[in-house]
Amino acid sequence: MNIHGDTGGIKKGLLAQLEQLYQFNVPTGQAITAELAQAMLSLSMLIEREVAIYLNRRGKVTQVAVGDLRTVDLPSTDSRRSEKRLSGIRCIHTHPGGDSRLSGIDISALKNMRFDLMAAISALPAGDEPEVSFGFISDIDDGQMHVRTAGPLSLSEFTRLAFTELLLQTDRLFSKNELAEPLLQTERVILVGLDQTGKWAIDDSLSELGQLAETAGAEVAAVIRQKKDRPDAALFIGKGKVQEIAVARQEHNANMIVFDDELTPSQQRNLEQALGVKIIDRTALILDIFAQRAKSHEGKLQVELAQLRYHLPRLGGQGLVLSRLGGGIGTRGPGETKLEVDKRRIRSRISDIEQQIEQIKKHREIHRKNRIAANLPAIALVGYTNAGKSTLLNQLTSAGVLAEDKLFATLDPTTRRTTLPSGLDVLLTDTVGFIQKLPHQLISAFRATLEEVVHADLLLHVIDASHPNHRRQMEAVCQVLGELQADQKPAILVFNKSDKLTAAELPGLLREQHSIAVSAAGGAGLDGLLQLIDAFLAKQTAAMELLIPYSDSGILAKLHETAVIKCTEYRDDGTYVKIELPVERQKDYLTYAIGAEA
Ligand SMILES: Nc1nc2c(ncn2[C@@H]2O[C@H](COP(=O)(O)OP(=O)(O)OP(=O)(O)O)[C@@H](O)[C@H]2O)c(=O)[nH]1
Ligand SMILES: [Mg+2]
């Protein structure tokens with residue numbers, strides 16, 4: 001038997017006592033026994049956290065959970081018997097604060113998880129009997145559930161509650177009425193953004209957020225914006241806006257609010273308390289999409305690392321809140337596993353993953369060294385998500401990489417070899433797309449694969465020129481490149497999707513040096529692009545170290561003409577030189593190379 005939730009810092013003895021809660025049995029017809037309630041309360045006081053139990057209709061304790069865990073793995077769908085009925089599970093939990101009244105979150109959880117009953121117990125000072133408040137689904141009207149709350153009443157009154165009657169009544173209600181929404185419906189979300197000066201235009205940013213939400217599987221019910229230069233420290237938005245969201249939430253029957261900027265852990269908690277609904281931010285949304293997309297072992301590890309680093313500071317605190325709001329966006333790990341919620345286990349998992357990624361990094365480094373030794377210039381495709389990087393790689397190398405009209409279709413880098421018109425072979429690498437406000441946890445977790453960008457000789461910055469906001473997108477890409485310390489790298493701007501533009505629009509695009517318009521899908525401009533790459537590489541120089549046997553001294557004379565000689569040493573077995581020369585000349589001296597530098 002397991003204790004769910006944030007058990008970090010709880011002593012072994014107390015954990016054992018929590019496990020004892022599984023041993024309690026509640027007679028049919030009773031919501032809870034006084035002994036079980038008292039045991040929960042005293043443990044709750046000792047650990048200073050909420051204690052929650054789930055009871056099935058046979059009076060067995062099926063789950064015990066503690067603390068504040070917005071993602072805890074609580075009763076999964078298998079305990080819900082049918083989409084149209086009650087779950088057959090009641091949730092009884094403690095409110096250590098001394099106020100048993102149900103919170104907005106308790107009520108939402110009651111509806112979302114379709115509990116038989118939701119009750120909160122709190123201890124009263126000195127000798128008074130504990131008090132209980134509870135709620136249950138009392139009516140279904142037009143497909144919507146209504147909740148009736150009762151209490152506070154004393155614990156002994158609560159244990160005498162005619163529980164069987166209450167269950168019969170609600171069961172009858174469910175059998176007579178159709179619910180508008182099936183259980184575990186797609187998430188209906190409200191998007192919220194701050195209109196801050198100097199940032200992206202709010203509507204562009206919010207429409208992108210909407211696309212992200214849909215990519216993650218949600219449905220956008222409404223969009224709310226506020227003009228405000230600095231986010232509120234406690235609530236991110238103003239108090240009045242919180243009210244507006246509460247109303248919109250009712251009106252649109254939304255079950256999640258998505259903020260366009262990263263919220264602090266306390267802002268998130270305060271908003272959840274105030275609105276009684278699951279709150280996530282752009283970062284969690286992007287992480288969720290990445291978690292759904294990750295396919296390779298390496299990709300999964302990197303996403304999990306980013307998710308855990310994001311979650312760690314968000315666990316802990318007061319209520320046992322969102323745990324009861326079930327799974328969905330923000331709780332999925334790579335490969336559909338649930339995210340870990342125990343702080344201690346998260347920490348050890350993080351260091352475990354970090355070590356594995358370190359190994360992967362070393363492995364990649366060896367590969368890269370081999371490639372450098374083989375003297376192939378490396379070119380990385382970078383750009384905003386959905387710009388057409390994978391389509392371009394496929395066209396240039398027949399790589400067969402998945403290209404889709406989806407955000408973040410590519411997570412894992414793919415490298416393919418291709419021959420330029422000059423006959424020079426190069427390596428092309430497709431990489432993960434960037435986005436504005438790309439979570440820094442992701443950038444740092446993806447370092448191992450983004451090294452391909454950092455070590456490339458040339459970047460092809462692929463731009464969806466048909467996107468109305470492509471200039472801003474270019475800036476966002478440059479910003480991420482800056483974070484990777486790759487913004488000084490030589491780059492060719494590849495204005496893609498030219499087939500969607502009119503002839504009049506094209507010249508305006510190509511103001512910058514080293515830019516070209518192409519249609520990766522249609523093939524237009526690709527020859528020109530390859531020539532541009534050739535011309536660029538011909539001008540590039542590379543460093544080489546050579547050891548030339550004294551018998552081949554003619555080579556030295558030739559070197560003086562084609563290369564810059566940085567240093568010369570006369571060794572026992574020949575002349576050692578360190579030179580710099582055009583990339584295309586490198587192949588002439590490969591037989592003498594004794595090590596290579598990027
Ligand atoms: N009209 C048009 N569509 C294109 C062109 N190139 C790519 N696309 C489409 O744009 C969408 C995104 O293409 P991808 O190649 O997956 O884009 P990506 O940059 O790899 O995207 P991520 O991997 O998600 O970052 C796909 O639906 C492509 O068919 C083009 O030249 N013209
Ligand atoms: Mg791609």
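Counting starts at 1 for both ligands and their atoms, in listed order. Small disclaimer: the values here were computed from a predicted structure and weren't measured.
- On a distance-only criterion, A520 and ligand 1 share at least one N/O pair closer than 3.5 Å.
- Of all atoms in ligand 1, numbered sequentially from 1 with element shown, those under 4.0 Å from a heavy atom of T385 are 22 (P), 24 (O), 25 (O).
- A salt bridge is absent between D430 and K389; no separation between the charged side-chain nitrogens and carboxylate oxygens falls under 4.0 Å.
- In this structure, W200 and E208 have side chains that are in contact, with non-hydrogen atoms separated by less than 4.5 Å.
- Judged by distance alone, the side chains of Y310 and D281 do bring a donor and an acceptor atom under 3.5 Å apart.
- Salt bridge present: R225 and D203 bring a charged side-chain N and a carboxylate O closer than 4.0 Å.
- Protein heavy atom closest to atom 2 (C) of ligand 1, with residue, atom name and distance, is D499 OD2, 3.5 Å.
- Screening the protein for N, O or S atoms under 2.8 Å from the Mg ion (ligand 2) yields 2; no waters enter the count.
- For ligand 1, one of its N or O atoms has an N or O atom of E404 under 3.5 Å away.
- Look at R269 and E272 and you find no salt bridge, because none of the NZ, NE, NH1 or NH2 atoms lies under 4.0 Å from a carboxylate O.
- From the protein, the heavy atom lying nearest to atom 24 (O) of ligand 1 is A409 N, 2.7 Å.
- No hydrogens or angles considered: nothing links the side chains of D464 and N386 as a donor-acceptor pair under 3.5 Å.
- Side-chain contact, D527 with Q531: no donor N or O sits under 3.5 Å from an acceptor N or O.
- E214 is listed as a side-chain neighbour of V220, based on a closest heavy-atom distance under 4.5 Å.
- Ligand 1 has a nitrogen or oxygen under 3.5 angstrom from a nitrogen or oxygen of K406.
- Between T414 and L428, the closest side-chain pair of non-hydrogen atoms is not below 4.5 Å.
- Inter-residue side-chain proximity for R364 and E452 is flagged as met; some heavy-atom pair is nearer than 4.5 Å.
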Q | Stepwise side-chain hydrogen bond (donor to acceptor under 3.5 Å, both in side chains) check, T283 with Q441 | A | CA-CA 9 Å; T283 301; Q441 296 94 335; 5.1 Å; no
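- At least one N or O atom of A521 sits closer than 3.5 Å to an N or O atom of ligand 1.
- Looking at atom 23 (O) of ligand 1, its nearest protein heavy atom turns out to be T410 OG1, 2.8 Å.
- We find that K437 and D260 are joined by a salt bridge, their nearest charged nitrogen and carboxylate oxygen being less than 4.0 Å apart.
- Ion pair E354/R309 flagged as a salt bridge, since at least one NZ, NE, NH1 or NH2 atom sits closer than 4.0 Å to an Asp/Glu carboxylate oxygen.
- Here's the thing with A403: none of its N/O atoms is less than 3.5 angstrom from an N/O atom of ligand 1.
- For ligand 1, the polar-atom distance check finds no N/O of D430 at less than 3.5 Å from any of the ligand's N/O atoms.
- Summary of contacts: the protein heavy atom closest to atom 8 (N) of ligand 1 is K497 CE, 3.6 Å.
- When only non-hydrogen protein atoms are considered, atom 25 (O) of ligand 1 lies nearest to K389 NZ, 3.0 Å.
- Inter-residue side-chain proximity for L376 and R417 is flagged as met; some heavy-atom pair is nearer than 4.5 Å.
- The nearest heavy-atom contact from the protein to atom 21 (O) of ligand 1 is N386 N, 3.0 Å.
- Of all atoms in ligand 1, listed by their number and element, those nearer than 4.0 Å to a heavy atom of K500 are 1 (N).
- A donor-acceptor pair is defined here as one N or O able to donate and one able to accept, closer than 3.5 Å; no such pair exists between the side chain of Q479 and the backbone of Q436.
- Of all the heavy atoms of V432, none lies under 4.0 Å from any atom of ligand 1, so neither backbone nor side chain is involved.
- Scanning the protein for heavy atoms near atom 29 (O) of ligand 1, the closest one is T391 OG1, 4.4 Å.
- Look at A387 and you'll find a heavy atom under 4.0 Å from some atom of ligand 1.
- Atom 17 (O) of ligand 1 has its closest protein heavy atom at G388 N, 3.1 Å.
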